[in-house]
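Structure first, commentary second.
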Protein chains: 2
Amino acid sequence: MNIGEIAKRAGVSRSTVSYALSGKRPVSEDTRQKIQRVIDELGYQPNASARALANGRTNTIGLVFPPAGNHYTGMQLDFIGSVTEAAAAYDYDVLLSPSGADSDRSFQRLLGERRVDGAILMEIRLQDDRLDHLTAVDFPSVAIGRTAHPEGGWWVGLDHTALAAACVHHLADLGHRRIAFVNRPEQLLRAGYESAHRGLDGFTKAAAERGLAVRTYCCGDDAASGQACLERILHDDPATTALVTLNEAALGGLYRGLAQAGRHVPRDFSVTGVVASRWAETVTPQLTAADVPAEQMGRLAVDLLVERLDHPDTPARHHLLAPPISLRASTAPAGTTPGDPAADLGAPMHP
Amino acid sequence: MNIGEIAKRAGVSRSTVSYALSGKRPVSEDTRQKIQRVIDELGYQPNASARALANGRTNTIGLVFPPAGNHYTGMQLDFIGSVTEAAAAYDYDVLLSPSGADSDRSFQRLLGERRVDGAILMEIRLQDDRLDHLTAVDFPSVAIGRTAHPEGGWWVGLDHTALAAACVHHLADLGHRRIAFVNRPEQLLRAGYESAHRGLDGFTKAAAERGLAVRTYCCGDDAASGQACLERILHDDPATTALVTLNEAALGGLYRGLAQAGRHVPRDFSVTGVVASRWAETVTPQLTAADVPAEQMGRLAVDLLVERLDHPDTPARHHLLAPPISLRASTAPAGTTPGDPAADLGAPMHP
DNA sequence: CCGATGGGTCGAACCGGTTCGATGATTACA
DNA sequence: TGTAATCATCGAACCGGTTCGACCCATCGG
């Protein structure tokens with residue numbers, strides 16, 4: 001069951017078995033076959049812990065995501081899935097760490113106990129102490145998201161500023177003058193989550209540029225909060241005709257609130273935002289939105305991390321993504337009259 | 001940085017440091033403090049690989065889920081999250097394995113290379129070769145789901161048969177006579193996924209019992225498929241007045257299809273099924289459904305696995321859950337006339 | 001005063017791999 | 001035919017922990 005056993009049965013030394021397996025030194029064809037036969041027969045596989053101890057690498061990467069205090073969003077699932085798959089392609093395993101704070105025990109274990117060779121961090125904050133710590137100790141890591149000062153860092157991010165701005169321009173082009181912004185929960189905004197901040201920023205600046213009347217809201221990550229938020233929006237300014245949201249999980253609630261208030265989407269009210277396409281296509285009418293390319297981001301993060309692990313001296317690299325807005329069916333010119341009713345039900349707005 | 005370094009600086013032997021940390025043999029208060037001071041000063045944490053090698057346990061559990069060929073569903077995310085958190089409470093880490101088949105390399109690595117002490121399997125099939133293999137080699141594992149012959153196994157499952165039947169009875173009680181069943185994708189049904197089979201079974205039997213006219217469908221895990229599926233349902237039997245679904249991801253598409261066909265939910269058409277509550281509450285009107293308690297299931301699975309790891313000779317245990325149907329707003333008596341319009345928009349049907 | 005008891009510590013072996021330097025057997029070339 | 005170069009293999013050390021047996025020294029009981 002261990003390498004010594006294989007060696008004994010094959011009539012060679014342990015080191016020869018090791019070399020036969022790794023190919024780091026030549027082994028005669030004869031002995032190689034003899035060893036391989038024994039291995040096949042016994043179904044031997046080298047012990048991962050022993051190997052990790054000997055050569056100082058675990059062949060595992062850590063995936064750090066915040067605890068479930070806040071609900072998981074669909075995007076996080078996509079990240080987890082795509083990171084796991086991309087890592088498998090490089091022969092890396094993925095260790096999940098439900099860690100938030102720098103001081104978190106689970107987070108410390110990943111690093112201090114050397115369970116992983118590198119880490120990928122999700123849910124980045126503008127000031128991120130985890131990331132500061134990692135760069136301070138020069139631990140190989142890649143962030144999905146970027147801090148306030150991402151220069152010289154390894155990350156793959158989404159240009160939330162530009163995307164939110166694009167949403168505003170889209171609405172402004174359609175003639176909307178009074179629009180609302182539905183952000184992630186206030187707790188996350190206060191904690192400094194970058195998507196919440198940059199998205200808000202992009203929205204505010206673009207709206208100012210276009211001279212729009214705006215109101216911004218924070219909203220819990222669930223349907224009930226979305227519905228409540230929409231009620232507040234219409235209560236605060238009944239003349240609002242459109243909204244931009246970053247909040248996937250609230251989307252269904254926002255739609256419900258609109259229906260309850262008797263506002264038809266998109267005839268009376270336009271909705272857009274930054275949302276994974278899977279969700280955008282789930283609601284009716286389908287959401288015109290900047291589709292978050294979560295799978296691609298996970299893949300890219302793994303690519304970067306593996307490169308950093310393989311070539312420790314490579315200068316830092318990053319990817320900043322800004323996918324275009326996918327035109328679906330949830331936005332329409334302000335103040336239009338009802339058109340073909342079929343257009344409300346999922347048919348693309350611009351075929 | 002290693003235990004020898006600590007020993008040297010504290011002026012003791014390596015074994016003494018080890019005993020001071022583990023408490024497996026008495027160490028004088030004096031030396032304990034001296035050692036602790038050095039450890040704090042240097043921020044020492046024992047190397048996980050070395051420890052795993054020495055005492056034969058990695059303190060890691062594997063979470064095996066199928067590759068992304070089929071889209072991830074919200075339920076899977078809930079499992080991943082709750083398993084990770086529950087494991088952390090027991091001081092276990094979670095290693096993700098995107099593995100499907102028994103022969104999968106990634107799956108073999110988990111076991112053969114001893115990367116994990118035990119495993120939790122998701123997406124169980126009635127005949128599950130992975131599970132057969134694990135029980136054959138007596139590898140500690142717990143299934144989320146149950147096979148055709150779950151006797152003597154470790155698992156936590158959902159009673160899909162009973163839940164689907166409950167949905168049928170609920171609809172029959174409301175007077176529906178022609179109902180449809182929307183299952184997971186055909187590919188999964190053919191592969192023997194237990195939820196698809198047992199759900200279908202429970203549906204069919206209960207419908208026969210109640211003398212209902214039924215049609216059953218498989219449906220892809222996405223909104224577009226849901227919409228297409230609903231079109232087929234109404235095409236095949238326009239007199240259908242209700243459906244039961246197991247397919248979370250198709251739900252939005254089913255609703256869209258109904259709206260497009262001019263069927264109002266729940267006035268003209270009732271919808272129910274087995275779905276995580278988060279999703280049931282996202283759609284409008286909110287779905288009357290058996291809420292899948294994914295978080296609880298993940299927690300229970302970890303509890304069982306840890307018990308099995310700690311007491312290898314405990315007889316097998318399991319949990320079979322059958323949550324009640326949560327009455328929301330998507331079902332109504334067959335052939336009713338429109339009631340208070342507010343009832344359509346998310347207010348609970350039975351307050 | 002002596003032997004038994006036991007708390008505290010140490011050295012050595014071990015877990016299961018990898019890797020370095022050395023050795024013996026071939027082959028190549030002078 | 002002797003010697004250098006090459007190839008294949010081996011033994012030993014090492015990675016960083018844990019654990020067993022032995023030892024020393026106090027304390028206690030008879």
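Chain letters run A, B, ... following the sequence lines, proteins first and then strands; every chain starts at 1.
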Query raised in the report: Atom OH of A:Tyr44 to atom C1' of C:dG16: distance rounded to whole Å?
Result: 7 Å

**Report entry** Distance-only donor-acceptor test (3.5 Å): side chain B:Arg14, base C:dG11
**Finding:** no

Query - Polar side chain donor-acceptor pair, A:Asp128 to A:Thr147, under 3.5 angstrom - result: no

Query raised in the report: Does B:Ile124 reach the side chain of B:Arg130, with side-chain heavy atoms less than 4.5 Å apart?
Result: yes

Report task. Would you indicate which nucleotide in D:dC10, D:dC15, C:dG8 comes nearest to any side-chain atom of A:Leu53? Result -> D:dC15

For nucleotides 21-23 of chain C, which of its nitrogen or oxygen atoms have a protein nitrogen or oxygen under 3.5 Å away, and what is each distance?
residue	atom	partner	partner atom	Å
C:dG21	N7	A:Arg25	NH2	3.2
C:dG21	O6	A:Arg25	NH1	2.4
C:dG21	O6	A:Arg25	NH2	3.3

Requested in this report: Check whether any side-chain heavy atom of A:Pro293 lies under 4.5 Å from a side-chain heavy atom of A:Leu158, and answer yes or no.
Outcome: yes

Query - Pairwise 5' ranking along DNA chain C for B:Gly11 and A:Thr16, keeping only the more 5' one - result: B:Gly11

Query raised in the report: Do B:Glu307 and B:Thr314 come within less than 4.5 Å of each other through their side chains, counting heavy atoms only?
Result: yes

Query raised in the report: Do any N or O atoms from the side chain of A:Thr60 and from the backbone of A:Val116 form a donor-acceptor pair under 3.5 angstrom?
Result: no

Query raised in the report: Of all the nucleotides listed (D:dG16, D:dG17, C:dT9), which has the minimum atom distance to the side chain of B:Ile3?
Result: D:dG17

Query raised in the report: What is the distance from CD of B:Glu29 to P of C:dT9, rounded to the nearest Å?
Result: 11 Å

**Report entry** Listed nucleotide nearest any side-chain atom of A:Ser13, set D:dG16, C:dG17, D:dC10
**Finding:** D:dC10

**Report entry** Side chain to side chain, B:Ile120 and B:Leu305, heavy atoms closer than 4.5 Å
**Finding:** yes

Query raised in the report: Separation of A:Glu5 atom CD from C:dG17 atom C1', in whole Å?
Result: 15 Å

Query raised in the report: Between D:dG17 and B:Ser18, is there an OP1 or OP2 to side-chain N/O distance shorter than 4.0 Å?
Result: no

Query raised in the report: Any ion pair linking B:Arg125 and B:Glu194 (charged N to carboxylate O, less than 4.0 Å)?
Result: no

Query - Rounded distance in Å - CZ (A:Arg57) to P (D:dG16) - result: 16 Å

**Report entry** Pairing of B:Glu41 and B:Arg37 as salt bridge, 4.0 angstrom limit
**Finding:** no

Requested in this report: Report yes or no: is there a donor-acceptor pair, N or O only, under 3.5 Å between the side chain of B:Arg51 and the base of D:dG16?
Outcome: no

Query - Pair A:Arg299 + A:Glu295, salt bridge at N-O below 4.0 Å - result: no

Query raised in the report: For the pair made of CD1 in A:Ile6 and C1' in C:dG17, what is the distance, rounded to whole Å?
Result: 13 Å

Report task. Would you please confirm or rule out a distance under 4.0 Å between OP1 or OP2 of D:dG16 and any side-chain N or O of B:Asn47? Result -> no

Requested in this report: Could you please name the option among D:dG16, C:dG8, C:dT19 that lies closest to any side-chain atom of A:Asn55?
Outcome: C:dT19

Query raised in the report: Could you give the angle between the helix axes at the two ends of the helix from C:dC1-D:dG30 to C:dA30-D:dT1, with five pairs per end, rounded to 10 degrees?
Result: 50°

**Report entry** Any B:Ser28 side-chain N or O less than 4.0 Å from OP1/OP2 of C:dG8
**Finding:** no

Query raised in the report: If you check the B:Ser15 side chain, which of C:dT9, C:dG16, C:dC10 turns out closest?
Result: C:dC10

Report task. Indicate whether OP1 or OP2 belonging to D:dT19 is found under 4.0 Å from a side-chain N or O atom of B:Lys24. Result -> yes

